[in-house]
Amino acid sequence: MSILSVTNLSIARGGIPVLEGLNFTVGAGEVLVLRGPNGAGKTTLLRTLAGLQSPLSGTVTCADDAVAYAAHADGLKSTLTAAENLKFWAGVYGGGDIEPALTAFDLTALADRLAGNLSAGQKRRLGLARLLVTGRPVWVLDEPTVSLDAASVALFAAAVANHIAQGGALIVATHIDLGFDAQVLDVAPFRADPQVMSGAFDEAFL
Amino acid sequence: MIRLLMRDLILALRAGGGFGLGLGFFLILVTLVPFGVGPNSERLAAIAPGVLWVGALLACLLSLDRIFALDYEDGSLDLLATAPVPLEGLVAMKALAHWITTGLPLVIAAPMLGVLLHLDGAAYTWLIVTLLIGTPALSFIGAFGAAITVGLKRGGLLMSLLVLPLYIPTLIFGAEVVRRGAQGFDVMTPLLMQGGISAGAIALLPFAAAAAIRISLR
């Protein structure tokens with residue numbers, strides 16, 4: 001059963017088309033790994049799936065409020081503690097308890113530290129813990145393992161395995177092997193011709 | 001929604017949050033004016049409504065670019081835009097938080113500073129009333145300006161240029177009510193005009209600001 005499907009999708013960044021003719025579906029319990037060289041359009045594709053930008057053409061079919069998005073930036077407030085950051089997001093998503101999320105990413109001991117005092121890897125773990133409190137089925141992640149050490153990557157992999165076992169799905173742009181049975185989509189063959197500006201001059205200006 | 005408001009208030013109150021920036025500026029400005037203009041009480045009383053209103057307006061302007069820029073820089077704005085919170089509601093809550101941390105302290109401080117400017121006794125009520133009605137409009141118009149310039153690095157100058165003309169009606173009617181109040185004239189017309197501007201700004205601008213943010217995030 002498909003949770004998210006993409007039909008004939010073309011996307012642009014800054015008014016310049018980057019990818020075209022994308023078709024894929026992701027079902028419950030499935031992992032889709034996006035690969036491709038830097039600048040291929042992986043982030044743009046993920047932002048489109050998250051609904052932050054609209055496609056040039058084609059459709060993304062997905063239930064409302066199904067996607068939880070995590071970008072390069074973690075969206076943490078440095079003057080709030082780790083627990084306060086997480087509680088805020090839990091509240092926004094209508095979730096309740098943050099304890100399981102703290103435990104899953106080994107953050108319990110850091111819960112009362114200010115997020116500004118955490119290391120890069122600890123911040124990343126806190127950013128990923130946010131996914132657990134959203135309670136959303138489709139995780140759309142952009143390079144989630146940046147600045148994580150091997151042990152933290154294992155924590156992340158365990159959290160993902162648990163999420164998938166519960167019928168969730170994962171779409172991830174990453175260059176490392178997380179050790180799952182995953183569909184791999186190399187976006188490089190779908191590169192669009194950047195010369196086709198599609199009359200989007202004002203788009204680039206905005 | 002309430003959580004958004006509480007988060008913004010906590011962030012403003014913690015170190016480096018910028019609470020008191022506008023208030024400090026207002027205090028300094030109003031304290032300096034008598035030194036610059038001279039201690040002639042009649043002259044000070046004549047300019048007091050205008051100085052207090054211009055000071056309040058500039059104090060509001062000072063902290064506007066922080067409304068969305070900080071969330072944009074650390075990625076929270078992306079995440080909030082994908083969260084189950086309407087962007088219009090987010091804008092309204094951020095503007096409300098800005099008003100509570102900037103506008104409301106000005107309303108409370110203004111009567112005390114009026115003394116320094118020999119503001120006429122009858123005008124104090126109207127000063128509080130107009131600031132109470134007018135400062136929410138300043139916050140909501142400012143949130144709209146901040147939303148338009150959110151994607152721009154160092155967008156502060158552009159935002160000031162966009163926002164200041166939109167502030168002028170609020171300033172004119174606000175200062176007019178206080179001036180008329182001081183002289184014992186009828187204040188109803190400018191007061192109603194100012195109320196209308198505030199109501200319109202609060203009702204409409206969150207939608208405009210949300211549309212501007214959606215474009216910036218693309």
Side-chain angles (χ1 to χ4, degrees), chain A residues 11-15 43-44 46-56 62 64-81 84-85 87-95 114-116 123-124 127 130-131 133-136 138-140 142 200 202-206, chain B residues 1-20 66-87 89-94 97 101 147-152 155 158 162 208-218:
Chain A
I11 52 174
R13 181 176 167 87
T43 296
T44 310
L46 293 175
R47 286 178 70 86
T48 309
L49 295 179
L52 283 169
Q53 60 179 70
S54 46
L56 273 183
C62 182
D64 286 342
D65 290 345
V67 172
Y69 173 66
H72 292 283
D74 292 313
L76 302 173
K77 288 295 172 193
S78 53
T79 48
L80 297 182
T81 65
E84 282 171 334
N85 270 298
K87 265 187 201 139
F88 167 71
W89 289 112
V92 165
Y93 281 92
L114 291 183
K123 279 182 191 161
R124 185 98 276 222
R130 185 183 61 86
L131 294 166
V133 301
T134 62
R136 289 193 163 183
V138 184
W139 290 0
V140 173
D142 198 352
D202 57 333
E203 196 89 337
F205 173 72
L206 287 169
Chain B
M1 291 288 198
I2 296 298
R3 278 174 192 277
L4 277 169
L5 181 65
M6 293 312 294
R7 180 184 84 138
D8 273 22
L9 292 179
I10 291 170
L11 285 172
L13 289 170
R14 294 238 168 125
F19 176 75
R66 303 175 63 95
I67 295 184
F68 296 112
L70 295 179
D71 276 351
Y72 181 76
E73 279 161 17
D74 67 16
S76 312
L77 200 55
D78 280 352
L79 303 179
L80 284 168
T82 56
V85 182
L87 216 44
L90 169 74
V91 172
M93 283 304 130
K94 289 215 158 257
T101 53
I148 286 183
T149 54
V150 70
L152 305 173
L158 183 59
L162 284 171
I213 290 176
R214 286 200 183 93
I215 291 172
S216 298
L217 289 181
R218 271 213 293 252

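Just so you know, these numbers use all the heavy atoms, side chains as well, and skip hydrogens, waters and symmetry mates. A, B, ... follow the sequence lines: proteins, then strands. Residue 1 opens every chain. All values derive from a computational prediction rather than experimental measurement.
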How close do [X] and [Y] get, heavy atom to heavy atom, and via which atoms?
| X | Y | value |
| --- | --- | --- |
| B/Gly75 | A/Ala73 | CA-CB, 3.8 Å |
| A/Arg136 | B/Ala83 | NH2-C, 4.1 Å |
| B/Asp74 | A/Leu76 | OD2-O, 3.3 Å |

May I ask you to test the [X]-[Y] pair for a side-chain heavy-atom distance under 4.5 Å?
| X | Y | result |
| --- | --- | --- |
| B/Leu217 | A/Arg47 | yes |
| A/Val92 | B/Arg7 | no |
| A/Leu80 | B/Leu11 | yes |

Contact leader toward chain A among B/Ile2, B/Leu77, B/Leu80, where contacts are heavy-atom pairs under 4.5 Å: B/Leu80
Kindly compute the distance separating [atom1] ([X]) from [atom2] ([Y]), expressed to the nearest 0.5 Å.
| X | Y | atom1 | atom2 | result |
| --- | --- | --- | --- | --- |
| A/Thr79 | B/Leu70 | OG1 | CG | 9.5 Å |
| B/Met6 | A/Glu84 | CE | CD | 11.0 Å |
| A/Lys77 | B/Ile10 | NZ | CD1 | 12.5 Å |

Passes side-chain contact (heavy atoms from CB on, under 4.5 Å), B/Arg214 versus A/Leu52? Steps please. CA-CA 7 Å; B/Arg214 286 200 183 93; A/Leu52 283 169; over 6 Å; no
Go through A/Ala50, A/Gly75, A/Ala12 and name the one with the most non-hydrogen pairs under 4.5 angstrom from chain B. A/Gly75
Chain A heavy atoms under 4.5 Å from B/Leu4: which part of the residue, side chain, backbone, both or neither? both
Hits for salt bridge (charged side-chain N to carboxylate O under 4.0 Å, His left out) against B/Arg3, two or more places apart or cross-chain, chain-then-number order -> none
A/Trp89: ring pair (Phe, Tyr, Trp, His ring centres under 6.0 Å) partners, not counting sequence neighbours: none
